[in-house]
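To find a chain, count down the sequence lines: A is the first, B the second, and so on, and within it residues start at 1.
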Number of protein chains: 2
Amino acid sequence: MQIAFVVYDRFTALDAVGPYEILSRAPDAETVFVSGERGPVRTDTGFLAVTADKALSEVPAPDVVVVAGGPGQSALMDDEPLLDWLRTADATSTWTASVCTGSLLLAAAGLLRGRRATSHWLALEHLAAFGAEPTGERVVFDGKYVTAAGVSSGIDMGLALLGRIAGDDHARAVQLATEYDPRPPYDAGAPHTAPAHLVDALRASSRFILT
Amino acid sequence: MQIAFVVYDRFTALDAVGPYEILSRAPDAETVFVSGERGPVRTDTGFLAVTADKALSEVPAPDVVVVAGGPGQSALMDDEPLLDWLRTADATSTWTASVCTGSLLLAAAGLLRGRRATSHWLALEHLAAFGAEPTGERVVFDGKYVTAAGVSSGIDMGLALLGRIAGDDHARAVQLATEYDPRPPYDAGAPHTAPAHLVDALRASSRFILT
């Protein structure tokens with residue numbers, strides 16, 4: 001089973017690496033990071049690069065597609081080579097997935113029309129412009145389409161998807177191996193639990209430019 | 001503030017990328033991935049490489065050191081250049097931290113003697129051989145030493161450490177920006193919650209070879 005993680009300049013590292021860490025441990029998984037061309041791809045902070053081992057054109061028909069989000073997404077909303085690749089890969093994929101603003105790229109490719117989907121809480125409303133039905137859930141399954149909310153939610157998505165792919169027990173074993181027993185030291189991970197002044201400040205300085 | 005993430009052949013990606021995603025968002029952070037030499041460093045699955053932008057020798061005195069874990073750790077337990085670098089960096093660091101079996105490298109460098117520390121649950125008992133006091137907590141602070149349990153626990157560690165570095169409100173803002181409101185679909189992330197047959201199976205097939 002080939003699992004392709006789509007990354008690009010200024011993607012958010014954890015969007016991809018969270019679900020990669022889970023899904024790469026599926027039985028017989030061949031996981032590959034792909035981008036417009038092979039080589040190092042720099043993340044949003046500028047402090048980290050991961051290697052795209054293959055160009056998109058070299059991976060035309062993955063079984064699972066996972067599109068990462070991040071500030072770089074906004075520059076790709078009319079990138080026809082990427083959107084074409086997404087449509088083509090989706091035509092034969094078993095699962096088409098995204099994390100964070102990666103769902104906006106799936107939406108821009110026309111793949112979420114009429115479907116329930118999620119995204120980063122700061123970007124959620126923009127899904128509707130592409131005919132998707134935004135929902136504030138952390139992980140949303142609609143047919144073979146799986147979308148996750150912001151950044152860290154890709155870990156939860158990865159486990160839920162791994163359960164569908166390989167069974168609950170395999171997913172539980174990977175959860176145990178990665179010791180995913182989260183204990184955040186604060187309760188501020190969602191806009192309904194975080195202090196209002198922090199929600200307002202993030203809205204005001206949003207790094208998500210969606211034009 | 002310079003934050004150095006120490007990676008090496010066959011490290012576990014999420015060990016480093018989890019806390020990187022959090023700590024790189026500290027005010028005035030300069031985050032750098034370091035390894036024995038510059039260039040791509042392949043993770044434990046073989047499916048992903050991240051770039052070490054600097055060699056260890058180029059980053060002699062970071063303010064914060066974070067050592068990742070992973071199966072590659074076992075080959076480095078007597079790697080004197082790495083252990084020497086850890087001792088030297090620790091001499092001037094503000095915080096010395098690890099995720100998963102990264103704590104065994106700190107321990108092998110002699111830095112955890114007499115200190116409370118944690119590691120991946122499968123590796124925890126090995127800390128005692130180096131004079132550390134193993135504790136099953138997910139994140140352990142002992143003076144300037146901060147150790148995290150397995151793989152995903154580095155996110156919790158990153159937030160707790162960011163709170164110490166930049167204050168609780170800044171850490172909460174980063175939690176909100178990364179939407180870290182975890183909702184694991186299973187309750188199997190720790191040996192005391194996972195089904196016993198999965199705990200036994202992982203113990204039997206442990207990928208942590210610690211000799």
Name the member of [options] that forms the most heavy-atom pairs with chain A at distances under 4.5 Å.
options                              : value
B:Val139, B:Thr45, B:Asp156, B:Val32 : B:Asp156
B:Asp181, B:Asp15, B:Leu176, B:Thr31 : B:Leu176
B:Met157, B:Glu30, B:Arg183          : B:Arg183
B:Phe33, B:Tyr186, B:Tyr20           : B:Tyr186

Measuring only between side-chain heavy atoms, which start at C-beta, is [X] closer than 4.5 Å to [Y]?
X        : Y        : result
A:Val99  : A:Pro19  : yes
B:Tyr145 : B:Leu111 : yes
B:Ile165 : B:Trp95  : yes

Notebook entry, point to check: With the threshold set at 4.0 Å, does a side-chain nitrogen-carboxylate oxygen contact exist between A:Asp200 and A:Arg203?
Noted result: no
Notebook entry, point to check: Which pairs count as side-chain hydrogen bond (donor to acceptor under 3.5 Å, both in side chains) when at least one residue sits in residues 48-60 of chain A, sequence neighbours excluded?
Noted result: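 Listed by first then second residue: A:Arg38-A:Glu58, A:Asp53-B:Arg42.
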Margin query: Please determine whether side-chain contact (heavy atoms from CB on, under 4.5 Å) holds for the pair A:Glu137 and A:Thr118, giving the CA-CA distance in whole Å, both sets of side-chain angles, and the decisive distance to 0.1 Å.
Written below: CA-CA 7 Å; A:Glu137 293 160 83; A:Thr118 192; 5.6 Å; no
Next item on the list: Check the pair A:Ser93 / A:Lys144 against side-chain hydrogen bond (donor to acceptor under 3.5 Å, both in side chains), numbers first and verdict last.
Entry: CA-CA 9 Å; A:Ser93 72; A:Lys144 75 173 190 178; 3.0 Å; yes
Checklist line | Structural part of A:Val199 lying under 4.5 Å from a heavy atom of chain B | finding: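 Both parts, backbone and side chain.
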Next item on the list: Using non-hydrogen atoms and a 4.5 Å limit, figure out which bit of A:Pro184 sits close to chain B: side chain, backbone, both or neither.
Entry: both
Check: Which region of B:Pro182, side chain (C-beta onward) or backbone (N, CA, C, O), has a non-hydrogen atom less than 4.5 Å from a non-hydrogen atom of chain A, or is it both or neither?
Finding: both
Margin query: Heavy atom to heavy atom, less than 4.5 Å: which residues from residues 3-10 of chain B reach chain A?
Written below: none
Validation: residues 148-155 of chain B side-chain donor-acceptor distances under 3.5 Å, sequence neighbours left out:
unit_1, atom_1, unit_2, atom_2, d
B:Ser152, OG, A:Thr178, O, 2.9
B:Ser152, OG, A:Glu179, O, 2.8
B:Ser152, OG, A:Tyr180, N, 3.4
B:Ser152, OG, B:Arg138, NH2, 3.2
B:Ser153, OG, B:Ala149, N, 3.0
B:Ser153, OG, B:Ala149, O, 2.6
B:Ser153, OG, B:Gly150, N, 3.4
B:Ser153, OG, B:Gly150, O, 2.9

Margin query: Looking only at heavy atoms and a cut-off of under 4.5 Å, which of A:Thr43, A:Leu48, A:Val50, A:Val41 has the most pairs with chain B?
Written below: A:Leu48
Notebook entry, point to check: So, A:Asp142 side chain and A:Arg116 main chain: donor-acceptor pair closer than 3.5 Å or not?
Noted result: yes
Can you give me every donor-acceptor pair (side chain of residues 187-196 of chain A, partner residue at least two apart or in another chain, under 3.5 Å) with its distance?
unit_1, atom_1, unit_2, atom_2, d
A:Thr193, OG1, A:Asp187, O, 3.4
A:Thr193, OG1, A:Ala190, N, 3.4
A:Thr193, OG1, A:Ala190, O, 3.1

